[in-house]
Number of protein chains: 2
Amino acid sequence: MTSKNQSRERILQTATRLFHMNGYHATGLNQIIKESGAPKGSLYYHFPDGKEQLASEAIERFGAMVAANILEDTQNEVDPLKAFQAHILKIANKFAVVENIPLCADSLPIGLMAAETALVNERLRLKCEAVFERFEEIYIEKLVASDYSKEQARLISSTLNALIEGAVTLSLTKKSNQPLQDIVKMLPLLLQK
Amino acid sequence: MTSKNQSRERILQTATRLFHMNGYHATGLNQIIKESGAPKGSLYYHFPDGKEQLASEAIERFGAMVAANILEDTQNEVDPLKAFQAHILKIANKFAVVENIPLCADSLPIGLMAAETALVNERLRLKCEAVFERFEEIYIEKLVASDYSKEQARLISSTLNALIEGAVTLSLTKKSNQPLQDIVKMLPLLLQK
DNA sequence: GTCTATACAAGGATAGAC
DNA sequence: GTCTATCCTTGTATAGAC
């Protein structure tokens, strides 16, 4: 019972990290098995649908992790502007890259897997879509609680989602968290009522 | 001479499209050869460094195409706000998706290949970085010409880059150009002096 | 410049013993 | 639940004839 969950858990954990670091197509099942240290034979036992199922659950888990982070950061500050800025700065700080490996995997974009799968795998596309929508919901809730109108809140949240996703990609590409710092500075303009 | 360039050209064209639609790792050399209709034996003749070289040139070409579009759109309008809005709307309109295939390949993000390669292939990462920087330069130039300060222009341009990249990814994932439309509406706030 | 054939590795997936 | 062995496909890349 516990051992079942242990090796399933190890596989899923490693898969989540690798998929989001390197992407869906660049990550092999053999690599996941090797790095997780889990018994090789058990992969298809725990994940009968193979790679697709593994990726699907990885996206779900990754999304939940990030959503929890967002939620925490937004609840620590009453002011939505300060809350969002704190959240982005947290990402920027985690973002330091050491020898090509980002210090923390949750500073990576969901957009990599989203863009990889959007046109070719409906199941995974839907998972990514759900994740993005969850983020948006949290932003909206925070804004509405501070008396932004429903439509204004939706618009800001959609933009914020795009902004963070894009800035993470840029930071990754430039090997610098400058783009993330830049959007923090611009955020006050976006949140005007 | 012309025939040399013809088949080289066909390969590069197809590679550019496939790499940016499906990503670096999901695109096979066999697929490129098949779809381009180019003679199979000629790939390694024209691109001795194989897939990496092909991708490198594809990124360059794709970046140049998009940069030309941005330049055109920004020159058709004196007001930077209107110019940028027109540019994004153009992307949004091209974006219609028919049976999972986007109507126009240049509505796709560079970010896919950027995020795929940033951590694992320095040569391609640098190409992507150069492309993003070229975009930023164009934005900055337009803003400075309208009396924005240097630093303000840089900040807005960096943000705009992230915004568009993120919105395209979101639109792709949601199969809707709503995110792109959203950022058009928010743009006036960003361009305040 | 182009073509065919082929080498060689890695990918995902399955079968069957334990 | 786990392990090993194996299958099939696909991937990149090369050699050598034309």
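Everything quoted here is computed from the prediction, not taken from an experiment. To find a chain, count down the sequence lines: A is the first, B the second, and so on, and within it residues start at 1.
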Item to check | Selected nucleotide, minimal atom distance to B:Tyr45 side chain, candidates D:dT2, D:dA13, C:dT2 | outcome: C:dT2
Item to check | Any donor-acceptor N/O pair, A:Arg125 side chain to A:Thr117 backbone, under 3.5 Å | outcome: no
Checklist entry - For A:Glu52 and C:dG11, what is the distance between atoms CD and C1' respectively, to the nearest whole Å? => result 16 Å
Next on the checklist: Can you measure B:Lys34 atom NZ to D:dT10 atom C1' for me and round it to whole angstrom units?
Outcome noted: 12 Å
Item to check | Among D:dA13, C:dG12, D:dT2, the one nearest A:Ser42 by side-chain distance | outcome: D:dT2
Checklist entry - Whole Å only: how far is the NZ atom of A:Lys51 from the C1' atom of C:dT14? => result 17 Å
Next on the checklist: Tell me the interatomic distance from A:Gln53, atom CD, to C:dA13, atom P, rounded to whole angstroms.
Outcome noted: 11 Å
Next on the checklist: Whole angstroms only, please: what is the OH-P distance between A:Tyr44 and D:dT6?
Outcome noted: 19 Å
Item to check | A:Glu133 atom CD, over 12 foreign heavy atoms within 6.0 Å | outcome: yes
Checklist entry - Counting just side-chain N and O atoms, does B:Ser7 come under 4.0 Å of either OP1 or OP2 of C:dT2? => result yes
Next on the checklist: In this structure, how many angstroms lie between the P atom of D:dG11 and the CD1 atom of B:Ile33, rounded?
Outcome noted: 13 Å
Checklist entry - So which one's nearest nucleotide on DNA chain C is more toward 5', A:Gly41 or A:Thr27? => result A:Thr27
Checklist entry - Is A:Ile140 reachable from B:Leu189 through a run of hydrophobic residues whose side-chain heavy atoms are each under 4.5 Å from the next? => result no
Next on the checklist: Using a 3.5 Å distance criterion without hydrogens, assess whether the side chain of A:Asn161 forms a donor-acceptor pair with backbone atoms of A:Ser157.
Outcome noted: no
Item to check | Residue met sooner reading DNA chain C from 5', once B:Arg10 and A:His25 are mapped to nucleotides | outcome: B:Arg10
Item to check | Whole-Å distance separating the CG atom of B:Leu29 from the P atom of C:dC8 | outcome: 19 Å
Checklist entry - Quick one: is B:Asn30 getting a side-chain N or O under 4.0 Å of the D:dG11 phosphate, OP1 or OP2? => result yes
Item to check | Candidate nucleotides C:dT2, D:dT4, C:dT4, ranked by approach to the side chain of B:Lys40 - the nearest | outcome: C:dT4
Item to check | Proximity to the side chain of A:His46 - top-ranked nucleotide from C:dT14, D:dT2, D:dT12 | outcome: D:dT2
Checklist entry - Could you state the CD-P distance from A:Gln31 to D:dG11, rounded to the nearest angstrom? => result 18 Å
Checklist entry - Are A:Leu160 and A:Leu187 side-chain neighbours, meaning at least one heavy-atom pair lies under 4.5 Å? => result yes
